[in-house]
Amino acid sequence: MDFNVKKLASDAGVFFTRAVQFTEEKLGQAEKTELDAHFENLLSRADSTKNWTEKIQRQTEVLLQPNPSARVEEFLYEKLDRKVPCRVSNGELLGQHMTDAANDFGPSAPYGQTLIKVGETQKKLGTAERDFIHSTTVNFLTPLRNFLEGDWRTISKERRILQNLRLDLDACKTRLKKAKTAEAKAAAELELRVAQTEFDRQAEVTRLLLEGISSTHVNHLRCLHEFVEAQATYFAQCYQYMVDLQNQLGSNPPPPATLPVLQVVSPNPAEGALNPVEVMPPSSGTRKARVLYDYEAADSSELALAADEFITVYSLPGMDPDWLVGERGNKKGKVPVTYLELLS
């Protein structure tokens, strides 16, 4: 019990001495041992590494998981040392909704068939995203976290010890200056030599840790290359999936929207009634076109098409840009632009 009391009293005395020394330094009433320029540069470089590593880590986490609530959930699971539940990606969920919708509308209908194709591609995109997130977390985020939670904590601890020993050293220098008697000076000189030795030893330990930041940069550089490789692979996969989907959809283009026939009303002199009369404005800029796909006319205002035949086409004022007027011999009617290859 007496030992504990004495230790607490000793610790309190040391803390008080350091507090007095720190306060007097801030007030300009005491001298402060300055570290050499190389050591200060090492400290500055270490602080910059820590600050930028934190920012890069946080923003990478936002990139991989934009949902703040999901990030908090993953953080809690990690702190509890529990496995994060497997979460369906947004792309996979969208793909499943499209597939379910296709089954509801009819998978054999044009809309249903397209929903299935697009839905399967969305699932592939979602899987690719999941693989990218996993690869980036393991090969890029984890090393950054390990530095902040491991090496940086060790560096911070040793720096605090060095700061305390520096305060002890300067407090010893102050006591030596204030010593009046030879006995007091001898005791102060002995304390100063011990404090100097401890400070120098701790400064060397801290310096070695700070110089290890160079190795940290090398490790993070390797991780950065792996992040870029994972990102390039992810985007290349997404691009290929979309190209494949475009090729699938290109072989079966959607039918164009129906264009209403432009009509005016004129009196019928025989019956005195009003009858619709189709208006056909004069044509301009006729050109040849090759038909890409068979097209069945929906009504008498449209022209049926056969793949690989050639027709003459032109537009009319106010006409829907998805349609042209097509002529083949003495037959004329509206034709969808998506079914044509316009020739110069």
Will you find, in the side chains of [X] and [Y], an N or O donor that is under 3.5 Å from an N or O acceptor?
X: S89; Y: K123; result: no
X: D244; Y: Q240; result: yes
X: R45; Y: S214; result: yes

Are there more than 12 heavy atoms of other residues, nucleotides or ligands under 6.0 Å from atom NE2 of H134? no

Decide, yes or no, whether a salt bridge links [X] with [Y] under the criterion of side-chain N to carboxylate O below 4.0 Å.
X: K50; Y: E54; value: yes
X: R58; Y: E61; value: no
X: R222; Y: E226; value: yes
X: R207; Y: E211; value: yes

Picking from Q237, Q122, E92, what satisfies side chain to side chain contact (heavy atoms under 4.5 Å, CB included) with T127? E92

Applying side chain to side chain contact (heavy atoms under 4.5 Å, CB included) between R287 and each of T312, L343, L342, report the one that passes. L342

With sequence neighbours left out, the residues meeting side chain to side chain donor-acceptor pair (under 3.5 Å) with E120 are none

Applying side chain to side chain donor-acceptor pair (under 3.5 Å), can you list everything that pairs with E229, at least two apart in sequence or on another chain? none

The salt bridge (charged side-chain N to carboxylate O under 4.0 Å, His left out) partners of K157 (sequence neighbours excluded) come to none

Looking at S108, is its backbone amide N or carbonyl O close enough to the side chain of Q113 to form a donor-acceptor pair, meaning the two atoms are under 3.5 Å apart? yes

